[in-house]
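In this chain, numbering begins with 1 at the start of the sequence shown.
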Amino acid sequence: AVMPVQTTAPPTPVPPERLCIDGWLLPRMCVSSWSYQGRAVSGCESDGRGRAWCSHDATYSGSWSWCDLCDSSTESPATSCLNSPLDWVDSDGSPCSDYVEQGWCVSTGHGDEWHEAWGSFDKYAVDGVAADSACCGCGGGQESTCIDTPGWFDSAGEGCTLYMNRRWCTSTGGYGEGWKRAEWGSF
């Protein structure tokens, strides 16, 4: 008898201490290995805007959560970079994640895959903002320093990184411009 070949790896639940994979901390409800659009994913999947998400199932079926950035130090402030503006895209519609993932830039300027014929990053700037100014991976972005409570998540399982990325809070713990206080109430 021929046994069927398993094409999807079984879900690997995240252990209680949570996993940090490629700089992203998986929420407990996510699996560490999963399939999305026919691709194998380990850990979290970039959303192309400086955030990442993970699947609750071995094959993504619509249940997901946001991932947090890993922080190796729980006693000192966590420093991270936010693309600025968060939703920046160039004049051709390419976001910061394309610049990094395609090798078009590195933290010091043009990456190995940037073609000389394309000219400078400034050629693709929008409202005077080019990739080397907007994108963390290209040496730009905006540093964000805050002191997080290790392991803190709200009732929906969202962590501090998402609150900062969505501008729901400020680095001093106040309400950010993205927090809809009239609709959502207080923290």
Quick one: does any side-chain atom of W114 pair with a main-chain N or O of G119 as donor and acceptor, under 3.5 Å?
yes
Heavy-atom closest pair (K123 atom, W118 atom, distance to 0.1 Å) is CD-O, 3.2 Å
Tell me, please, which residues at least two apart from S186 pass side chain to side chain donor-acceptor pair (under 3.5 Å).
none
Between C96 and C135, is the disulfide (SG to SG under 2.5 Å) condition met? List the steps.
CA-CA 5 Å; C96 290; C135 308; 2.1 Å; yes
Find the distance between CG (D112) and SG (C105) and round it off to the nearest 0.5 Å.
11.5 Å
Closer than 3.5 angstrom, by distance alone: can the side chain of W88 be matched with the main-chain N or O of V129 as a donor-acceptor pair?
yes
How far apart are the closest heavy atoms of D57 and S63, and which atoms are they?
OD2-CB, 3.8 Å
Tell me every residue that passes side chain to side chain donor-acceptor pair (under 3.5 Å) with D90, counting only those two or more places apart in sequence or in another chain.
Y99
Other residues, nucleotides and ligands only: do more than 12 of their heavy atoms fall within 6.0 Å of CG on D92?
yes
Report the C-alpha separation of C54 and C67 in whole Å, then their side-chain angles, then the decisive distance to 0.1 Å, and conclude whether the disulfide (SG to SG under 2.5 Å) test is met.
CA-CA 7 Å; C54 56; C67 298; 3.7 Å; no
Within the distance-only criterion (no hydrogens, no angle test), does the side chain of W104 pair as donor or acceptor with the backbone N or O of C138 below 3.5 angstrom?
no
Residues which pass side-chain contact (heavy atoms from CB on, under 4.5 Å) with A125, listed by chain and number, not counting sequence neighbours:
A130
Sequence neighbours excluded, which residues qualify as side chain to side chain donor-acceptor pair (under 3.5 Å) partners of S65?
H56
W53: which residues meet the side-chain contact (heavy atoms from CB on, under 4.5 Å) condition with it, sequence neighbours left out?
W34, Y36, E45, D47, Y60, W64, W66
